[in-house]
Amino acid sequence: MTGHTDLRPTDPGPATTWWRHAVVYQIYVRSFADGNGDGIGDLAGMTSRLPYLRDLGVDALWINPWYPSPLLDGGYDVADYRDVDPRIGTLAQAEAFIAAAHEHGIRVLADLVPNHTSWDHDWFRAALAAAPGSPERNRYHFADGSGPDGSLPPNNWTSFFGGPAWTRLDDGQWYLHLFDTSQPDLNWELDEVRAEFEDVLRFWFDRGIDGFRVDVAHALRKAPGLPDVEPPFRNSDPGPGNHPYLDRDEVHEVIRGWRRVADAYDDRMLVAEASVHPERLPDYLRSDEYHQAFNFEFLEVGWRGWRQRDTIPRAVERATAVGSTPTWTLSNHDQVRHATRFALPSEVDAKRWLLGGDRRWLDEGLGVRRARAAALLQLALPGSVYLYQGEELALPEATELPVEVLQDPEWERSDHTTKGRDGCRVPVPWVATAPSFGFGDTDDPWLPQPADYGRYAVDVQAGDPTSTLELHRRALALRRAHLTGDEEVDFLDLGRAVVAFRRGSGVVCVINMGTRPVVLPPGRLLLASGDGPTDGLLSPDDAVWLLAD
Ligand code: BGC
């Protein structure tokens, strides 16, 4: 690789705000760092790790729900939206954490869970104590059953976790829960519900929160009369839009209300978890709605170069056409970690494989190699990257969790047909030789760590130039300097299974998802996920950043 082109420096320009090209690091609180040795991650632990996050070079954090909760769905069952769970810390500690993060130059996004509350929320308790037809019950979706004696659910909706989306009470009425029984859905037709959540936003904005990731942002509004799901629709699949309970046009009014609240503050942002048809996603990104939305197509397509060549440019186009920026995510707390997904043949459904799949299909080395290459891909694309804790270590899924320790409601509600999401939520290894690999002063974290997790520990990787952690540190520093100035991107055709593009600064990214070496364009090598090119050829499962001639 010869030749030299000067990099064009980043020029954010007046209209650019921080979130447009941010690297956002997702913290699954219970599993990140345990400050008091009770086996559960907490605010004290998170605060102590802020220097690590600053040195990694992230711009912001997204904190999974930290509110008081019976933890029947990992905190997505919120009992009080204006407080912190005592196992995680106190409200004062949360405020101090936000301030400390800001001092480290890091912004903080909280998680808003508006579709449902916990059954321990005051509103739901009041609804249970009140009579059918009461205003207290009207805050949720209570209905009489169907069938001659009302003993069948009111309609045929199913829970995302399996089984019917309805639970019956002793008084004969049923209530709706698109997720676990412990997560009753709110009635978003009510002004009272809207006012309450707008107030919750203000509560946290006033405490310094820089924005929110909004949970199941596409499910809030339900069709009047709660009709059955009928073809062409299917349960749990939004289809082309206006499904009986997903991606309904009315949801946009709710979002506009939140945006007005956010806009009354400086520089706050809202990012949607809206698993809708990709053609419908731009509607969520209109200038008076969300700033950004997760792009799950990128995650789902995964290691299939010929499809990424198509889906990546379309995601860029869709987001930029409405003035937003695209987002890139490979893992989160709901997905099998991608170091493991990429270690399996691409036709294997990793989630199913977890439950009794053939272990011989797993090639851990290949998974790590591809995860490193994919890191360079997502970090070179225009827009924001949402990294999941441990991803910077190429941490694999904990694939051998005994079923007795599983906590995810998916395990029970699916009648044990899926193991659920606990395997990606196992506590992070920080120190190879310490109890719980340095997660906390405990031998007994809330989920057991695999015996070999020490291999991935931060202290083993820090300072080793060949480690995945150091690869991320270098990539984030280069990205910050040269890849966040604009959204300019020209896609290059280097072969059917190769994703390649040139950014406005002159940086070229090439990732080889095929099976044969690929000829690289001329340029000086900036960063390589593997050993780097040989004789101008990039090996399969590798990626590079070049400075174009
Ligand atoms: C969250 C899940 C959660 C569900 C219900 C999701 O999309 O990411 O972890 O179980 O919403 O709140």
Side-chain angles (χ1 to χ4, degrees), residues 26-28 30-34 37 39-41 45 49 52 56 303 330-333 335-345 348 350-375 387-408 411 419-473 529-530 541:
Q26 180 191 348
I27 294 189
Y28 193 76
R30 282 198 290 170
S31 304
F32 185 63
D34 171 14
I40 298 176
R49 296 297 180 186
Y52 168 81
L56 180 57
W303 197 265
L330 288 166
S331 280
N332 62 36
H333 65 292
Q335 305 290 336
V336 176
R337 283 183 176 275
H338 63 273
T340 298
R341 294 202 314 273
F342 293 167
L344 290 166
V348 172
K351 200 164 176 184
R352 287 194 189 168
W353 173 86
L354 285 179
L355 199 60
D358 191 334
R359 300 283 127 175
R360 287 169 306 181
W361 292 343
L362 188 75
D363 181 344
E364 216 172 292
L366 180 65
V368 171
R369 182 168 178 172
R370 289 179 170 177
R372 291 169 60 95
L387 292 177
Y388 181 46
Q389 65 183 32
E391 174 175 345
E392 77 280 20
L393 309 172
L395 203 63
E397 183 85 357
T399 57
E400 308 285 346
L401 285 177
V403 295
E404 311 79 70
V405 305
L406 298 180
Q407 311 225 358
D408 185 358
W411 166 241
K419 225 172 157 185
R421 301 161 294 177
D422 291 306
C424 66
R425 300 175 176 180
V426 166
V428 169
W430 294 92
V431 182
T433 54
S436 67
F437 301 119
F439 164 64
D441 192 10
T442 173
D443 286 318
D444 196 18
W446 73 280
L447 275 177
Q449 297 155 301
D452 68 349
Y453 247 27
R455 284 199 288 147
Y456 296 91
V458 170
D459 77 326
V460 171
Q461 299 202 32
D464 171 358
T466 66
S467 73
T468 305
L469 174 59
E470 293 299 341
L471 178 73
H472 276 84
R473 287 178 174 164
S529 66
D541 307 311

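The residues of the chain are indexed from 1 along the displayed sequence. None of these values were measured; they are calculated from a predicted model.
- A 4.5 Å side-chain heavy-atom check between Val405 and Pro448 finds at least one atom pair inside the cut-off.
- The CG atom of Asn332 lies 9.5 Å from the CD atom of Glu391; values are rounded to the nearest 0.5 Å.
- Across Asp358 and Trp353, no two heavy atoms sit closer than the pair O-NE1, 2.9 Å.
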Between Asp464 and Thr466, does the side chain to side chain donor-acceptor pair (under 3.5 Å) criterion hold? Intermediate values first, please. CA-CA 5 Å; Asp464 171 358; Thr466 66; 2.7 Å; yes

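- Closest of all the heavy-atom pairs between Thr442 and Asp444 is OG1-N, 2.8 Å.
- Proximity of a side-chain donor or acceptor of Asp34 to a complementary backbone N or O of Phe439 within less than 3.5 Å is not detected.
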Working note: Ser436 + Gln449, criterion side-chain contact (heavy atoms from CB on, under 4.5 Å); need CA distance, chi angles, decisive distance, verdict. CA-CA 7 Å; Ser436 67; Gln449 297 155 301; 3.5 Å; yes

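- Arg360 contributes atom CZ, which lies 12.5 Å from atom CG of Leu362 (distance to the nearest 0.5 angstrom).
- For the atom pair Cys424 SG and Lys351 NZ, the distance stands at 9.0 Å (nearest 0.5 Å).
- Taking both residues in full, the closest heavy atoms of Ala394 and Ala339 are given as O-CB, 3.7 Å, listed atom of the first, atom of the second, then distance.
- Scanning both residues, Ala350 and Arg341, for their nearest heavy atoms gives CB-CG, 3.9 Å.
- Salt bridge annotation for Glu397-Lys419: absent, with no cationic side-chain nitrogen under 4.0 angstrom from a carboxylate oxygen.
- Nearest heavy atom pair, residue Pro345 against residue Trp361, reads CD-O, 3.6 Å.
- In terms of modelled atom types and a separation under 3.5 Å, the side chain of Glu392 and the main chain of Gly390 share a donor-acceptor contact.
- At least one side-chain heavy atom of Pro396 sits less than 4.5 Å from a side-chain heavy atom of Tyr456.
- Judged purely by atom type and a 3.5 angstrom limit, Gln389 uses its side chain to pair as donor or acceptor with the backbone of Tyr28.
- Here the side chains of Arg455 and Glu364 are in contact, with some heavy-atom distance below 4.5 Å.
- Between Gln26 and Leu387 the shortest side-chain heavy-atom distance does not fall below 4.5 Å.
- In this structure, Asp541 contributes its side chain and Ala373 its backbone to no donor-acceptor pair below 3.5 Å.
- A 4.5 Å side-chain heavy-atom check between Leu401 and Val426 finds at least one atom pair inside the cut-off.
- In plain terms, the two heavy atoms of Gly454 and Ala432 that are nearest each other are O-CB, 3.6 Å.
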List the steps and the verdict of side-chain contact (heavy atoms from CB on, under 4.5 Å) for Tyr453 and Leu395. CA-CA 8 Å; Tyr453 247 27; Leu395 203 63; 3.7 Å; yes

Candidate pair Val431 and Val458, rule side-chain contact (heavy atoms from CB on, under 4.5 Å), full reasoning: CA-CA 6 Å; Val431 182; Val458 170; over 6 Å; no

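- With Arg352 contributing its side chain and Gly357 its backbone, the two residues share no donor-acceptor pair below 3.5 Å.
- Between Leu330 and Phe342, some side-chain heavy-atom pair lies under the 4.5 Å cut-off.
- Arg425 has its side chain out of reach of Gln407: every pair of non-hydrogen atoms, C-beta onward, lies at least 4.5 Å apart.
- Within a 6.0 Å sphere centred on CG of Asp441, heavy atoms belonging to other residues, nucleotides or ligands number 12 at most.
- Under the 4.5 Å side-chain criterion, counting only non-hydrogen atoms from C-beta, Arg359 is in contact with Thr399.
- Test Leu469, Val368, Thr468, Val460 against Leu393 for side chain to side chain contact (heavy atoms under 4.5 Å, CB included) and you get one pass: Leu469.
- Glu470 contributes no side-chain N or O that, together with a main-chain N or O of Ser467, makes up a donor-acceptor pair within less than 3.5 Å.
- The backbone N or O of Tyr388 sits nowhere less than 3.5 Å from a side-chain atom of Ser331 that would complete a donor-acceptor pair.
- Between Trp430 and Phe32, the ring-plane angle classifies as perpendicular under the 30° and 60° cut-offs.
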